[in-house]
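For this chain, numbers begin at 1 and follow the sequence in order. Scope of the values below: all heavy atoms of this structure, side chains included, with no hydrogens, waters or symmetry mates. Here the structure is a predicted model, which is why all the values come from computation and not from measurement.
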Amino acid sequence: MSPVPAIVVEGFDRAAPQGVGDVKVAGNYAADLYPNQKMKNDGFPISLYLDARTKTLVEEFSTSNFFGITKDGTYVTPKSPAVLPSITNKSLMQLAESK
């Protein structure tokens with residue numbers, strides 16, 4: 001596994017509070033078109049969005065769920081209601097729990 005160079009998006013939100021960020025609909029992708037292209041032009045292949053309400057919590061990447069592994073090997077992923085559920089993320093969580 002290799003880390004991915006990313007940048008935190010500032011000035012744009014991926015999903016509105018109490019919106020439909022957790023649902024696979026075309027409108028959820030439109031909000032990322034401009035910021036995603038801007039970040040790619042700046043040399044970052046992927047962008048990381050913070051929560052729209054407080055801008056203090058990691059939510060997800062522009063193209064995928066976010067997850068991290070802590071130094072002690074703990075699997076970490078946001079538990080935000082604005083994050084689209086992912087079978088890949090769910091599978092990784094189950095694998096991490098079984099270790």
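In this structure, the side-chain contact (heavy atoms from CB on, under 4.5 Å) partners of S64, at least two apart in sequence or on a different chain, are I46, F61. In this structure, K40 has no salt bridge (charged side-chain N to carboxylate O under 4.0 Å, His left out) partners at least two apart in sequence or on a different chain.
Looking at every heavy atom in both residues, M39 comes nearest to I7 through SD-CG2, 3.6 Å. Listed here is the closest heavy atom pair of P35 and S47: O-OG, 4.4 Å. Nearest approach of A15 to A52, heavy atoms of both residues: O-CB, 3.1 Å. Between V58 and L50, the shortest heavy-atom contact is CA-CD2, 4.0 Å.
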What verdict does the side-chain contact (heavy atoms from CB on, under 4.5 Å) test give for N65 and T88, after you've listed the backbone C-alpha separation in whole Å, the side-chain angles of each residue and the deciding distance to 0.1 Å?
CA-CA 9 Å; N65 286 156; T88 303; over 6 Å; no
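The backbone N or O of T70 lies less than 3.5 Å from no partner atom in the side chain of T74, so there is not a single donor-acceptor pair.
Rounded to the nearest 0.5 angstrom, E59 CD and T77 OG1 are separated by 11.0 Å. Put simply, OG on S86 and CZ on F67 are 10.0 Å apart, with the number rounded to the nearest 0.5 Å. Summarising the geometry, atom NZ belonging to K38 is positioned 10.0 Å from atom CZ belonging to F44; distances are rounded to the nearest 0.5 Å. Between Q37 atom CD and D42 atom CG the span is 10.0 Å, to the nearest 0.5 Å. How far CG of L48 is from OG1 of T63: 10.5 Å, rounded to the nearest 0.5 Å. Here the straight-line distance linking atom CG of L84 with atom CG of N89 works out to 10.5 Å at 0.5 Å rounding.
By the rule that hydrophobic residues join a cluster once side-chain heavy atoms approach within less than 4.5 Å of another member, I69 and M93 end up as members of one cluster.
Annotation: E10, atom CD; neighbour count of heavy atoms from other residues, nucleotides and ligands within 6.0 Å does not exceed 12.
Looking at heavy atoms from C-beta onward, L92 lies in side-chain contact with Y75 at the 4.5 angstrom threshold.
Each of D13, L57, D32 was checked for a side chain to side chain contact (heavy atoms under 4.5 Å, CB included) with Y49, and the lone residue meeting it is D32.
Ion pair D51/K55 not flagged as a salt bridge, since none of the NZ, NE, NH1 or NH2 atoms sits closer than 4.0 Å to an Asp/Glu carboxylate oxygen.
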